[in-house]
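Reading through the structure tokens given below for one structure.
Every number for a ligand or one of its atoms is a count from 1 in the order of the listing.
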Amino acid sequence: MQPILKIDLSTGNTEEYQIPKDWEKNFLGGASLAARLLYDSLTPELDALSPDAPLLFINGPLSGTSGPTTGRFVICGKGPATGLWAESHIGGFWGPELRFAGYDGLWITGRAVEPVYLWLNEGKLEVRNGVHLWGKDTYETQTLIKEEVGRKGARVATIGEAGEHRVLFAGIFCDHGRTAGRTGLGAVMGAKNLKAVAVFGKKGTLPLARSGVYAGVRSASNRALKMDNQSQVMHQLGTASAANYFEYMGSMPSKYYHQGGFEQVDDVSGAKLSESILSGTSACQGCVIACGRVVTLDDGVRRKGPEYETIISFGPNLLVNDLAAITRLGELCDRYGMDTISMGNTIGLAFHLYESGAITSKDIGGIELNWGDIETVERLIHLTAQREGVGEVLAHGSRFLGRYFGREEDAVQVNGLEVAYHDPRGVSGMALSYATSPRGACHNQSDYFLVDMGTTNEEVGIEYFSRHDGAEKAANVARHQDWRTVYNALVMCAFANVSPQTQVDLVNAACGLEWGVEELMRCGERGWNLKRAINNRMGLTRENDKLPKTLLEPLNEGGAEGYVIPFDEMINAYYAARGWDPGTGRPTKEKLESLELGDMVKDLWG
Ligand code: SF4
């Protein structure tokens, strides 16, 4: 990989940093390499919103090569809501552009005296005044900066007002709605007075060890991916393609995870979106799937359409079945720069508390919360981004909201990150995915619901278990997490149904390695355990590996009716499969050493 540029916003100093070769080999790139690079900085004492907190934008070894879904990058640091490891993946074109500009990472620390933005133009960095951009939304900011730097081809990653106001689930956005939404790294960026990072580079030769071999594998794998059935469905119907099926299984949350089905699911399905408001598709750099939706509403404006998580967040979760309204609510969050999963989940909790009598309109500035009331949802989004009235409480996320009103146990979150819209009562493997994810309740560290629906992979030993099996699938979940950690190290999109052998061929050609599938999987396991070690050092224990109360209770109707997740048995079996110490929740000394993570033994075991 190319060097990383370190930037201290407090002093204006910069330094080129060469990634140690053995770290590149052991961790490949992306989130795993970022975890190794940030390991020493992520201490329990570190305040995620302080100048000392690092913010690392980083590529993978395949970024910008037009390999299958490799036009992505990842942003890492410490989560302000979770106090744990934070990583947030994002598509678009920014990551490849950074690579063309001569770097594979930007490692930002410090705090500027007043708002600034960074302009990296063909390897030359400027820290520019950004006072006039403070308060602008994520779309306006991108347009204004492109005009200012005079490069139409520049790519801009930016925060909106939510990041400026340090909303704890603010994200970082680029390329018209591409989103590093989760874990609140937009707040970290805002706390640094950093509005945006613009990059531009010359499209030249990329650092590939065997470029001729790589070109052949790239073409063949892209052809196969384009013809793949899952890719075709994603292209035609978007990520909400399976919404109806999820609802049928009881895995699509409704009414803040309290209702087992949603009668109007056909109104919000991927098929309905395609038949009604869809006017085009969009893709990240080099992607042959193009899952992005472009829609046209009554005003005639073509705009980003919502993906599955946003549809459920502002749809069935709040008992809304109006796709146009959901689109507008999603756009509002994008413009403010907020994660739609956490926003919808937090609003859902507020509605739930209101309905159950735990809060009244007097507690929340006279607002009444009635399920399905779109105007109220919109108002709460504005208040949250501006941190006004009840928005000041909502801006801290659902765990804080619950705690504030004495009902923390009602918040559907794990370790401070809101659960995504794949209910583990419908697909039980997600119970372990959420409980053990290194960044809080996350569906991207392991989208195991696909395995519970039948997507197996013999090459890496991922087998099928019934969607309501328990402990017997624990080792399979761990294996799946390891494989997805490979994806997150390559910064490859999880929507790409690429075979492990193809990944190995791409990695070997790009990095000059001679690996097989097992070495690739071992690299995944190493990354997973490294993130665990970081979290253990920051205070995470076995007590943190749990599910919220709501998800441990049965639903009264639908495809998951009556099912109770055997969570204790599952987590015990998971620990055994992982080789983690059941008392402390830490990887054992032997496990760390077997994964060449011996450096961490002293920190974890003295
Ligand atoms: S599948 Fe969708 S999100 Fe993934 S790289 Fe392609 S366009 Fe981007």
Side-chain angles (χ1 to χ4, degrees), residues 29-31 58-75 87-99 155 157 171-182 218 221-243 270 273-274 278-295 302-312 330 334 339-341 420-422 442-447 449-450 455 483-484 486-499 502-503 506:
I58 191 164
N59 281 326
L62 313 182
S63 293
T65 62
S66 296
T69 69
T70 54
R72 299 171 61 82
F73 64 108
V74 58
I75 308 168
E87 70 177 78
S88 199
H89 294 254
I90 173 168
F93 293 75
W94 191 96
E97 200 67 38
L98 174 67
R99 182 161 252 207
R155 300 290 172 179
I172 300 169
F173 291 66
C174 70
D175 296 306
H176 203 80
R178 289 287 165 189
T179 309
R182 307 232 73 194
R218 176 184 61 204
S221 56
N222 269 330
R223 269 199 301 278
L225 184 61
K226 190 161 187 176
M227 297 309 293
D228 178 74
N229 184 44
Q230 183 180 311
S231 301
Q232 305 247 350
V233 173
M234 292 285 261
H235 178 70
Q236 295 290 333
L237 302 180
T239 57
S241 54
L273 192 152
S274 292
L278 190 75
S279 54
T281 58
S282 69
C284 304
Q285 193 253 8
C287 176
V288 297
I289 302 175
C291 75
R293 308 289 85 184
V294 178
V295 301
R302 277 165 64 85
R303 44 166 53 89
K304 174 189 161 188
E307 34 51 69
Y308 172 80
E309 302 294 336
T310 300
I311 290 177
I312 308 309
D334 283 359
D339 176 32
T340 53
I341 297 177
Y421 297 107
H422 304 277
C442 168
H443 65 300
N444 284 335
Q445 301 289 310
S446 165
D447 46 347
F449 57 90
L450 292 175
T455 308
W483 193 34
R484 285 316 195 205
V486 170
Y487 270 76
N488 291 339
L490 299 177
V491 208
M492 182 179 268
C493 182
F495 299 151
N497 192 17
V498 173
S499 80
T502 299
Q503 287 179 325
L506 289 164

### Task
Report the nearest protein non-hydrogen atom to atom 8 (Fe) of ligand 1: residue, atom name, distance rounded to 0.1 Å.
Cys284 SG, 2.4 Å
### Message
With heavy-atom distances below 4.5 Å as the criterion, would you say the side chains of Cys284 and Arg72 are in contact?
### Response
yes
### Message
For Gly91, state whether at least one heavy atom is located under 4.0 Å from any atom of ligand 1.
### Response
no
### Task
Answer yes or no: is there a donor N or O on one side and an acceptor on the other, between the side chain of Ser63 and the main chain of Pro96, under 3.5 Å?
no
### Task
Run the contact test for Arg72 against ligand 1 with a 4.0 Å cut-off on heavy atoms, strictly below, and give the result.
yes
### Task
For residues Asn444 and Glu87, determine if any side-chain heavy atom of one lies less than 4.5 Å from a side-chain heavy atom of the other.
no
### Message
Please list, in number order, the atoms of ligand 1 under 4.0 Å from a heavy atom of Arg178.
### Response
3 (S), 7 (S), 8 (Fe)
### Query
Looking at OG of Ser446 and OH of Tyr487, how far apart are the two atoms once the value is rounded to the nearest 0.5 Å?
12.0 Å
#### Entry: Heavy-atom check, side chain of Thr281 versus side chain of Arg293, under 4.5 Å
yes
### Task
Report yes if the side chains of Thr70 and Arg218 come closer than 4.5 Å at any heavy-atom pair, otherwise no.
no
### Message
Tell me whether Gln232 contacts the main-chain N or O of Lys226 through its side chain, where contact means a donor paired with an acceptor under 3.5 Å.
### Response
yes
### Message
I'd like to check which ligand 1 atoms, numbered from 1 as shown, lie under 4.0 Å from a non-hydrogen atom of Ala283.
### Response
7 (S)
### Per-atom contacts of ligand 1 with Phe495, taking only distances under 4.0 Å to non-hydrogen atoms
1 (S), 4 (Fe)
### Task
Among all protein heavy atoms, pick out the one at the shortest distance from atom 4 (Fe) of ligand 1; state its residue, atom name and that distance to 0.1 Å.
Cys493 SG, 2.4 Å
### Summary
Ranked by distance from atom 2 (Fe) of ligand 1, the top protein heavy atom is Cys291 SG, 2.3 Å
### Message
Give me the residue, atom name and distance of the protein heavy atom closest to atom 6 (Fe) of ligand 1.
### Response
Cys287 SG, 2.3 Å
